[in-house]
Visitor: 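Before I ask anything, let me first share the structure, which is written out below as structure tokens.
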Amino acid sequence: MYLTKQEERMLDGEHGWANEIAMKILVRLGDLFGATKLIPVQSAHLSGVSYKHLGDAAIDFLDELAKEGGRAHTAASLNPSSLDQKYLKKRYSHQRFAKQERIIRLYQKMLIQPTLTCTPYYLQEPRQGQHLAWAESSAVVYANSVLKSWTNREGAPSALAAALVGKTPDYGVHQPENRQPSVLVKLETRLQTEADYGALGIHLGKLLKDKIPAFKGLRGSEDELKQLGAGMASSGVTTLFQTEAPSKKEKLETLTVEAHNIEKTTSSLCTTDKDPDLVFVGCPHCSVNEVKNVAEALRGKKMRKDTELWVCTSRHVRKKTKGYVNEIERAGGHVLCDTCVLVTWIKDIGVDTLMTNSAKTAFYSPTLNEVDVILRPLNECLKAVSKG
Ligand code: F3S
């Protein structure tokens, strides 16, 4: 890979150990994928934030990087952590909270913003064609497919390295020829709910692996496309889908999706028919519109005592939806920022059965949380927590 003089000096350790490590990660990745150079990125979005998944060894590594002068050289943001500052803080040990706070402080020392959300695009929407280095898989698909900006699906180390250097290797979907679809997906069923879009994503992710699909007959809202992308990135490694079918001249492999594919996927994501202990909305973190939908659906209702409702979103969206947040909380729900059920320890607070409208959460929760799961659309999720 060609490196500028300054990049070579970084690689040789002249700009300190943290920059040397970051350059080594980027150069190794670039060599592996045949990149010829590094390109500047408009922003980096980092995973590897929750104490639940990181553990103690990673804290020592972050500590070293911060001590050795690691500082972000592009706008950089963080994925959700294991706890919020109010509700969950009180429900887990002080030790867990202290470790999580330490991780966040170390990132802050490296000038990485503690946004603690998987929807960084609601805080600062990247523009079409901008190069990014994002690690959260659902955000990667959303950025590439809905916002038309350009990012590979980074891992936690490469997104951190890109934040410190301000650059990423030029390969994969940073190159226009790698953004072309190779499969045409024909939708022969009408998707009714956001849970259907997520189930479609899970179904396709398994079949497509890393192939890029173009859709015929896709008419989802941005919130529904968010569910589709999150699902695809969970069961597969898709980074991008095209919302429009290409011109007739292009001959692509065709994949047809019918109603029974969605039904079968949805039922495969449900592991129980018991009543839920916890209903969770907000994977990926809720948009303004999604918080509003929850508030409106709960209007005039009261929550059951034996089932909790968590609505997870970013601080930014929570602030913009104060009135709706108050309505949800008056009804008995909890609007949580900075976290979600997958990155916290729900089993430890007595949750055995989880209901969600997110196919991504339903896909991961039986293994990552060791709980039973029910996938249902928002209206059914809210019915399950309401009295009467
Ligand atoms: Fe976000 Fe947690 Fe889902 S990080 S994408 S809400 S699993």
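Order of appearance sets the numbers: ligands from 1, and atoms from 1 within every ligand. What you see is a predicted model, and the numbers here were worked out from it, not measured in a lab.
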Visitor: Determine whether the aromatic ring centres of residues His131 and Trp150 are separated by less than 6.0 angstrom.
Guide: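 Yes, they do, as the ring centres are separated by less than 6.0 Å.
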
Visitor: Strictly by modelled atom types, are Glu222 and Tyr142 linked by a side-chain donor-acceptor pair under 3.5 Å?
Guide: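 The criterion, which ignores hydrogens and geometry beyond distance, is satisfied for Tyr142 and Glu222.
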
Visitor: Are Ile39 and Val27 grouped together when hydrophobic residues (ILVMFWY) are joined by side-chain heavy atoms under 4.5 angstrom apart?
Guide: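 No; Val27 is not reachable from Ile39 via cluster members.
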
Visitor: With side chains defined as the heavy atoms from C-beta onward, is the minimum distance between Asn357 and Pro377 less than 4.5 Å?
Guide: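 The answer is no; the side chains never approach within 4.5 Å.
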
Visitor: Quick one: do Asp348 and Arg91 make a salt bridge, cutoff under 4.0 Å?
Guide: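 Looking at Asp348 and Arg91, the cut-off is not met.
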
Visitor: Give me each pair satisfying side-chain hydrogen bond (donor to acceptor under 3.5 Å, both in side chains) with a member in residues 15-29, each pair once, sequence neighbours excluded.
Guide: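 Found Glu20-Lys24.
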
Visitor: Keeping to distances under 2.8 Å, can you name the protein N/O/S atoms close to atom 1 (Fe) of ligand 1?
Guide: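 Under 2.8 Å from atom 1 (Fe) of ligand 1 - ignoring waters, which are not counted - the protein N, O or S atoms are Cys118 SG.
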
